[in-house]
Protein chains: 2
Amino acid sequence: MATIYEVSKAAGVSLATVSRVMNGNSKVSERTRNKVLKAMDELGYRPNAIAQSLASNRTNSVGLLVSELHGSFFGDLMSTVEKELRADGKHVIITAGHSDEAREKEAIEFLKSRRCDALILHAEAVCDDYLRELNESGVSLVLVNRMVPGMEQQCFVLDNEAGGYLATKAAIDAGHRDIGYISGPQSKEDARQRLAGHVRALREAGLNTENALVYQGDYHESEGANGFKQLWQQHPGFSALICANDEMASGAMTAAREEGINVPEQLSVVGFDDVLFARYLHPRLTTVDNPVSAMGLMAARWVLHNVYKKKLSGVIKNVFLPELISRDSLGTHL
Amino acid sequence: MATIYEVSKAAGVSLATVSRVMNGNSKVSERTRNKVLKAMDELGYRPNAIAQSLASNRTNSVGLLVSELHGSFFGDLMSTVEKELRADGKHVIITAGHSDEAREKEAIEFLKSRRCDALILHAEAVCDDYLRELNESGVSLVLVNRMVPGMEQQCFVLDNEAGGYLATKAAIDAGHRDIGYISGPQSKEDARQRLAGHVRALREAGLNTENALVYQGDYHESEGANGFKQLWQQHPGFSALICANDEMASGAMTAAREEGINVPEQLSVVGFDDVLFARYLHPRLTTVDNPVSAMGLMAARWVLHNVYKKKLSGVIKNVFLPELISRDSLGTHL
DNA sequence: CAAACAAATGAAAGCGCTTACATATTGTTA
DNA sequence: TAACAATATGTAAGCGCTTTCATTTGTTTG
């Protein structure tokens with residue numbers, strides 16, 4: 001592979017001049033620029049990004065931490081972030097934290113050792129203090145799907161409470177009064193907030209929230225089925241079931257069907273997240289969207305603006321409001 | 001951030017010695033090693049991976065090209081590859097080629113400029129010659145889901161013909177005789193092979209393959225619906241429909257339902273790929289699995305072995321045989 | 001106890017770039 | 001045309017490591 005030195009020799013100019021035409025910042029006369037370009041072309045020269053990074057103290061790479069590399073939520077996030085950054089010549093190093101504290105920290109250390117110019121983190125397991133320290137230690141970072149007090153401008157989050165409210169409100173508006181809820185693990189912030197929104201909607205409608213029909217699941221499909229079974233046993237015949245995510249909604253729908261209960265005629269189901277397969281379920285799932293792509297985009301733009309000094313088109317938005325995606329699984333109840 | 005120089009000063013040894021304890025290849029006495037380790041610890045030293053790469057001409061990074069960053073197929077691939085390589089301290093730079101020749105080439109150039117030690121490519125649009133040239137130019141690379149003559153050992157593929165055969169054979173074994181087929185775009189190798197397998201199964205059963213019920217789709221859901229409609233119009237009442245992928249199978253099932261046709265009672269449907277949502281469809285989709293994870297694993301192991309000289313556990317397998325995943329969408333036909 | 005060898009350590013030259021700073025070239029003005 | 005900007009180009013010192021080769025130190029043996 002040709003180096004800058006060979007290019008400089010071939011073009012009959014100095015290293016500095018070659019570097020100048022590559023980076024296009026300093027002035028170079030039209031004639032020499034052409035000579036250099038020609039030499040580069042003839043040699044098939046490609047700058048060594050590693051050497052550039054070492055010399056310039058800039059890697060043009062941003063680290064992205066996700067919980068998993070599969071699943072539509074992270075797929076959308078990675079896809080959006082990569083596209084936006086790549087358009088500006090930056091590249092993304094992706095690592096997975098698997099929602100585990102040690103692995104998340106390890107992944108972050110890894111990204112730091114790779115000298116990423118910035119980090120975009122979907123960190124679930126590390127504590128707020130760790131993130132604040134990281135932030136103060138001089139690492140440029142933004143957080144997706146997490147709000148850390150003191151770093152509000154660097155956090156891009158969904159208003160989960162509003163989403164929880166939206167889902168239950170939709171059921172209430174459709175005439176439902178007996179409404180069950182399968183929550184996510186209450187150790188997770190988003191799960192707590194979604195539940196809080198649900199409770200607010202019930203209360204607002206004057207419904208009983210004391211001995212509410214709530215089952216705590218773990219966001220997995222199987223717990224959707226378990227949750228449904230338990231709630232149905234506890235209070236047979238409730239007319240709507242709100243689930244804190246689509247996976248559990250799917251599990252619940254399958255379990256209901258196995259009991260011979262028709263969705264949505266006998267039981268309405270509402271999910272949360274609008275993952276890809278929500279459209280493929282039968283009946284197609286009414287759910288609350290989770291604007292991952294929009295959040296990923298904002299995170300990428302923040303980096304472009306604050307780290308790479310690119311001027312912004314549009315404003316940076318930190319908190320996203322979810323919308324209800326009406327499909328077929330929510331029926332009216334007279 | 002502390003550098004190796006500061007560590008060497010703190011420990012009272014030379015740079016070379018610090019480097020030695022980091023890399024652990026050359027001998028260092030127990031006493032000095034401890035001094036160095038202590039100094040590193042106290043300074044919170046983290047080696048600069050960029051500088052290491054430049055000096056050693058090894059980046060410990062492998063480039064991964066996928067068509068898209070979302071979707072379960074690529075999610076599984078990325079996930080497996082990343083996990084396997086990361087376990088050995090390598091990291092993965094992921095880029096998307098969007099099944100477009102120019103973008104695939106650009107992505108590959110990008111990975112080359114990052115000086116990846118090896119490339120794992122899911123390249124659909126570039127031609128065989130390009131890949132062969134790349135290979136001969138000294139870049140270590142392997143191909144996933146693509147067989148290029150002359151590079152067999154570096155290709156990890158599914159036997160699509162066998163998969164196509166399997167799907168149709170299953171329908172025949174279940175008693176079906178009137179079998180429709182929605183193929184993928186015949187510009188793609190895998191689509192042609194899947195169709196070839198289908199035809200072989202028909203022929204073997206002594207069924208007519210002349211004016212066979214075949215519709216050419218594009219692997220997208222909508223074409224599954226279109227394909228079903230057209231075939232049904234052309235020959236109403238056929239009892240089984242084989243689709244070249246799950247997306248189209250889903251589209252076909254939805255279209256059938258809209259026509260009031262029950263799956264699987266009146267029409268059996270078989271898919272291909274066993275993507276995540278196949279389990280979520282109703283009825284759950286009988287399909288042919290596509291062992292992406294296994295292929296990704298092999299690709300990663302090949303790299304570990306051939307590029308990083310790691311000794312192998314187990315053998316390298318290049319061609320993978322698919323299996324039928326029996327669920328509920330294929331019924332018997334007497 | 002010195003010779004002979006092995007083991008541990010250090011000195012220094014890169015790796016391929018960027019970027020002050022210095023110098024050369026050109027253009028402008030009186 | 002001398003004097004001076006302004007502009008274009010070159011020189012060389014890093015960036016933080018690895019690695020070769022030379023040197024020092026330690027160990028063994030006759």
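Residue numbers begin at 1 in each chain, while the letters A, B, ... track the order of the sequences. Quantities reported herein were computed from a predicted structural model and do not represent experimental measurements.
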Looking at residues at least two apart in the chain, or sitting in another chain, which of them share a salt bridge (Lys or Arg N to Asp or Glu O under 4.0 Å) with [X]?
X	answer
A:Arg114	none
A:Asp129	A:Arg132
B:Glu101	B:Lys105
A:Asp190	none

- Item | Backbone of A:Asp76 reached by a side-chain donor or acceptor of A:Thr80 within 3.5 Å |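 Between the backbone of A:Asp76 and the side chain of A:Thr80 there is a qualifying donor-acceptor contact (under 3.5 Å).
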
- Query: Pairs in or reaching into residues 38-73 of chain A: which pass ring-ring contact (aromatic ring centres under 6.0 Å, His included), with residues at least two apart or in two chains?
  - Reply: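 Listed once each, the pairs are A:Phe73-A:His122.
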
- Message: Listing request: all ring-ring contact (aromatic ring centres under 6.0 Å, His included) pairs with a residue in residues 77-108 of chain B, at least two apart in sequence or in separate chains.
- Response: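 Every pair satisfying ring-ring contact (aromatic ring centres under 6.0 Å, His included) with a residue in residues 77-108 of chain B: A:Phe110-B:His91.
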
Check the distance between [N]'s [atom2] and [X]'s [atom1] and give it to me in whole angstrom.
X	N	atom1	atom2	result
B:Asn48	D:dC15	CG	C1'	8 Å
A:Lys27	D:dA5	NZ	P	21 Å
A:Glu6	C:dG16	CD	P	9 Å
A:Ile50	C:dC15	CD1	C1'	11 Å
B:Arg46	D:dG16	CZ	C1'	15 Å
A:Ile4	D:dA12	CD1	C1'	14 Å
B:Lys9	C:dG10	NZ	C1'	17 Å
A:Arg58	D:dG14	CZ	P	22 Å

- Message: Consider side chain to side chain contact (heavy atoms under 4.5 Å, CB included). Of A:Val126, A:Thr95, A:Val142, A:Ile108, which one does A:Leu121 pass it with?
- Response: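 Checked A:Val126, A:Thr95, A:Val142, A:Ile108 against A:Leu121; only one passes side chain to side chain contact (heavy atoms under 4.5 Å, CB included): A:Ile108.
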
- Task: Please tell me which of the listed nucleotides, D:dG14, D:dC17, D:dT9, lies nearest to the side chain of A:Ala55?
- Result: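 The closest nucleotide is D:dG14.
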
Contact under 4.0 Å: [X] side-chain N or O vs [N] OP1/OP2:
X	N	value
A:Ser56	C:dT18	no
A:Tyr5	C:dT18	no
A:Gln52	C:dG16	no

- Query: Using a heavy-atom distance cut-off of less than 4.0 Å, which residues of residues 16-23 of chain B contact DNA chain C?
  - Reply: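 The stretch gives B:Ala16, B:Thr17, B:Arg20 as the residues lying under 4.0 Å from the strand, ordered by number.
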
- Task: Compute the bend angle of the helix from C:dC1-D:dG30 to C:dA30-D:dT1 from the end axes (five pairs per end), rounded to 10°.
- Result: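 Terminal axis comparison yields 40°.
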
- side-chain contact (heavy atoms from CB on, under 4.5 Å) partners of B:Glu133, counting only residues at least two apart: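 Partners of B:Glu133 by the side-chain contact (heavy atoms from CB on, under 4.5 Å) criterion come out as none, since no residue qualifies.
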
- Task: List in chain and number order the residues that pass side-chain contact (heavy atoms from CB on, under 4.5 Å) with A:Asn318, two or more places apart in sequence or in another chain; answer none if no residue qualifies.
- Result: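 Per chain and number, A:Asn318 pairs via side-chain contact (heavy atoms from CB on, under 4.5 Å) with A:Gln153, A:Phe156, A:Ile316.
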
- Query: Which is true for B:Asn57 with a 4.0 Å heavy-atom rule: it touches a base, it touches only sugar-phosphate, or it touches nothing?
  - Reply: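 Touches nothing.
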
- Task: Please list residues of residues 29-40 of chain B whose heavy atoms come under 4.0 Å from any atom in DNA chain D, ordered by number; otherwise none.
- Result: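 Heavy-atom cutoff 4.0 Å gives no residues at all.
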
- For A:Glu109, what residues pass the side-chain hydrogen bond (donor to acceptor under 3.5 Å, both in side chains) criterion, not counting sequence neighbours?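 Checked A:Glu109 against side-chain hydrogen bond (donor to acceptor under 3.5 Å, both in side chains); matches are B:Arg46.
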
- Message: Any salt bridge linking B:Arg301 with B:Glu84? Criterion: basic side-chain nitrogen under 4.0 Å from a carboxylate oxygen.
- Response: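 Yes, charged N to carboxylate O under 4.0 Å.
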
